[in-house]
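What follows is a set of notes on a single structure, which appears directly below.
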Amino acid sequence: MSGHPGPTPRGGKAETTPTRIVLKKGGTFFLNGALIRAHDAFGAEIHLAEALLLPSQILSAEAARTPLQRLYYCVQQALIEPEAAATWREAFTAGLPPVLDPHSTVGPVQRDSLERVAALVEAGRLIEALAALRRAIKAGPAT
């Protein structure tokens, strides 16, 4: 869940609905360039986050088993590790051809959305690319 613009007050700045998170001990989330790990369980409200990945949206390398999940992992790492973003973007680009192949197990709807995802990654719009990839992954299995 992320905040969304609310009504604009007289000052001209849009208000946002805060994102509420509850983290278990050892949980992680990504916020505006920082990977945050919880040493103890805690809850928080986050206002005005530009780049936010909730714990349920962070994929470990071991959990990235399908081609779409591996693409997601590459984009996620490009966001989390900006110093290695070029390497992760190259890995994403290298992983696209097998997934875009008409004979792959990825469905046509997912394949079409991947072209948009590739454009988002190229433009540096990684949070949007991750959201589109989550929708593609949810749309159906890709082995």
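Predicted model, so just to flag it, every value in this text is computed and none were measured.
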(request) Determine yes or no for a side-chain-to-main-chain donor-acceptor pair under 3.5 angstrom, with Glu122 supplying the side chain and Ala118 the backbone. (result) no
(message) I'd like to know if the side chain of Gln76 and the backbone of Tyr73 have a donor-acceptor N/O pair within less than 3.5 Å.
(response) no
(request) Could you tell me whether the side chain of Arg89 reaches within less than 4.5 Å of the side chain of Leu126, counting heavy atoms only? (result) yes
(request) Would you mind reporting whether Val75 and Leu120 have side-chain heavy atoms less than 4.5 Å apart? (result) no
(request) Working to the nearest 0.5 Å, report the span between CH2 of Trp88 and CD of Glu83. (result) 11.0 Å
(message) How long is the straight-line distance from CG of Leu130 back to OH of Tyr72, given to the nearest 0.5 Å?
(response) 4.5 Å
Measure across [X] and [Y] and return the closest heavy-atom pair with its distance rounded to 0.1 Å.
X: Val121; Y: Ala129; result: CG2-CB, 3.7 Å
X: Leu133; Y: Leu68; result: CD2-O, 4.5 Å
X: Ala91; Y: Cys74; result: CB-SG, 3.7 Å
X: Pro67; Y: Val99; result: CB-CG2, 3.4 Å
X: Arg135; Y: Arg116; result: NH2-NH1, 4.4 Å

(message) Run the side chain to side chain contact (heavy atoms under 4.5 Å, CB included) test on Leu79 and Ile127 for me, step by step, so that the C-alpha distance in whole Å, both residues' side-chain angles and the decisive distance to 0.1 Å come before the verdict.
(response) CA-CA 8 Å; Leu79 180 67; Ile127 287 289; 3.4 Å; yes
(request) Carefully, step by step, assess Val117 and Phe92 under the rule side chain to side chain contact (heavy atoms under 4.5 Å, CB included). (result) CA-CA 10 Å; Val117 168; Phe92 170 83; 3.7 Å; yes
